[in-house]
Amino acid sequence: MPVEEEKKVKKGGKKWKFLLILLLIIVIGGVFSKFFMQIKHIPSGYIGVKSSIGNPLDNSVDYEVKLVKGYVIFMPLYTEIIVYPTTIQTAAYDSIKVNALDGTEFIVKPRVSYLLDESKAELLYKNEKKSLGEINNSYLKEVVAHSYSTAAGTFSSDSLVSNKNAFEIEVNRILASKMGEIGLILKNTNSNLEIPQKIKDIIALRSQSLQNAILAEDKMKQAEAEAEIQLLEARTKSKEDSLKNSAMTNLAIQKMFIEKWDGKLPLYGDTPKIYKNITE
């Protein structure tokens with residue numbers, strides 16, 4: 001083999017060796033960075049929980065967790081980091097059925113606003129070991145349904161409709177307590193309570209009956225007032241007639257006296273006198 005060709009073969013072999021070594025370094029680096037060393041950035045408005053065991057889902061094994069922020073260097077093979085937002089979160093649920101005390105079924109479509117108590121992020125992680133998105137569709141959904149069912153069961157259907165604000169307050173009380181057990185702070189909740197059609201019909205019927213009763217009572221009061229006015233008018237007229245009759249009687253007597261009088265005065269004694277001496 002000519003010397004020049006031999007040099008080309010050696011040069012080409014070195015090139016391939018270099019590429020293989022570079023590829024091997026990249027592969028080893030990738031594997032190392034994936035399983036042994038990573039850098040994670042936790043931005044503002046978030047809190048990270050770092051677990052120091054490879055399988056934190058195994059509740060039979062004690063593991064150590066701590067809160068982390070900013071840039072964190074960790075070993076993915078032995079460590080897990082879950083990042084939680086510390087800003088207000090909103091979870092919305094569709095068509096949860098609840099029963100009032102008398103068994104009437106209502107539908108609620110609650111919206112729940114909450115945030116994570118940053119100092120209790122470890123508590124949340126130890127209890128659930130899930131992201132907030134997963135918690136919304138598991139634990140939180142269950143406690144929301146339980147809270148609304150429990151609260152509704154303390155109200156009759158009539159009371160639930162007429163005291164919706166009291167119902168919301170009771171739901172907030174129960175839900176806030178349950179969420180606090182895993183480090184979540186309830187900010188607001190709205191049931192979006194849907195009233196069944198049969199309850200609406202009953203309410204409309206009662207409203208109409210009440211209006212009719214009010215109208216009937218008004219008519220009765222009006223009739224009583226008119227009767228009192230007529231009675232007063234009758235009494236007044238009777239009194240006036242009595243006064244008139246009394247006056248007419250006196251006049252009639254005077255008239256009769258005048259009509260019967262012959263114009264002569266009484267005379268007493270042999271010699272006519274107008275006045276009689278009563279001493280005689």
Kindly give the heavy-atom pair with the smallest separation between Leu116 and Ala121, and that separation in Å.
-> CD2-CB, 4.0 Å

Val144 and Tyr93, any side-chain heavy atoms less than 4.5 Å apart = yes

May I ask you to check whether over 12 heavy atoms, not counting those of His41, lie within 6.0 Å of atom NE2?
-> yes

Ser191 versus Glu168, side-chain donor and acceptor atoms under 3.5 Å | yes

Does Thr150 use its side chain to pair, donor to acceptor, with the backbone of Ser147 at less than 3.5 Å?
-> no

Might you point out which heavy atoms bring Ile135 and Lys130 nearest each other, and give the distance in Å?
-> CD1-O, 3.7 Å

Between Glu80 and Tyr125: side-chain donor-acceptor atoms closer than 3.5 Å = yes

Atom OG1 in Thr90, atom CG in Asn188: separation rounded to 0.5 Å?
-> 9.0 Å

Taking it one step at a time, do Leu184 and Asp117 satisfy side-chain contact (heavy atoms from CB on, under 4.5 Å)?
-> CA-CA 6 Å; Leu184 299 179; Asp117 184 346; over 6 Å; no

Taking side chain as C-beta onward, heavy atoms only, is Ile107 less than 4.5 Å from Lys97?
-> yes

Compare all side-chain heavy atoms of Asn192 with those of Arg111 and state whether any distance is below 4.5 angstrom.
-> yes

Test item: Lys129 side-chain N/O and Lys126 main-chain N/O as donor-acceptor pair under 3.5 Å | yes

Ionic contact status for Glu194 with Lys109, cut-off 4.0 Å = yes

Working for side-chain contact (heavy atoms from CB on, under 4.5 Å), residues Lys50 and Thr79 | CA-CA 7 Å; Lys50 181 180 178 182; Thr79 308; 3.5 Å; yes

Residue pair Ile81 / Lys40: nearest heavy atoms and the distance that separates them = CG2-CD, 3.9 Å

Taking every non-hydrogen atom, the tightest pair across Pro110 and Ile96 | CG-CD1, 3.9 Å

Shared hydrophobic cluster, Leu123 / Val83 (ILVMFWY, side-chain heavy atoms < 4.5 Å) | no

Would you call Leu175 and Val112 a side-chain contact if the rule is heavy atoms closer than 4.5 Å?
-> yes

Could you walk me through whether Glu170 and Ile174 pass the side-chain contact (heavy atoms from CB on, under 4.5 Å) test, one step at a time?
-> CA-CA 6 Å; Glu170 180 64 11; Ile174 299 172; 3.7 Å; yes

Look up atom CG in Leu124 and atom CE in Met179, then write down how far apart they are to the nearest 0.5 Å.
-> 10.0 Å

Where do Phe106 and Ser157 land on the side-chain contact (heavy atoms from CB on, under 4.5 Å) test, with the steps shown first?
-> CA-CA 9 Å; Phe106 288 79; Ser157 55; 4.0 Å; yes

Evaluate the side-chain proximity of Leu160 to Leu193: yes if any heavy-atom separation is below 4.5 Å, no if none is.
-> yes

Distance only, no hydrogens: is a donor on one side chain within 3.5 Å (strictly under) of an acceptor on the other, for Asn136 and Tyr114?
-> yes

If you measure from CD1 on Ile42 to OH on Tyr71, what distance do you get to the nearest 0.5 Å?
-> 11.0 Å

Would you say the side-chain atoms of Thr104 and Asp102 include a donor-acceptor pair closer than 3.5 Å?
-> yes

Minimal heavy-atom distance between Ser159 and Phe155, with the atoms involved, is OG-CD2, 3.4 Å

To the nearest 0.5 Å, how far apart are CD in Glu128 and CD1 in Ile82?
-> 10.5 Å

Thinking salt bridges, do Lys69 and Glu118 make one under a 4.0 Å N-O criterion?
-> yes

Reported CD-to-CG distance for the pair Gln89 and Leu140, which is rounded to 0.5 angstrom | 11.0 Å

Excluding Ile88, membership of its hydrophobic cluster (Ile, Leu, Val, Met, Phe, Trp, Tyr; side-chain heavy atoms within less than 4.5 Å) reads Leu115, Ile185

Quick one: closest heavy-atom pair of Tyr84 and Ser131, and the distance?
-> CE2-CA, 4.1 Å

If only atom types and distance count, is the side chain of Ser149 paired as donor or acceptor with the main-chain N or O of Ala145 below 3.5 Å?
-> yes

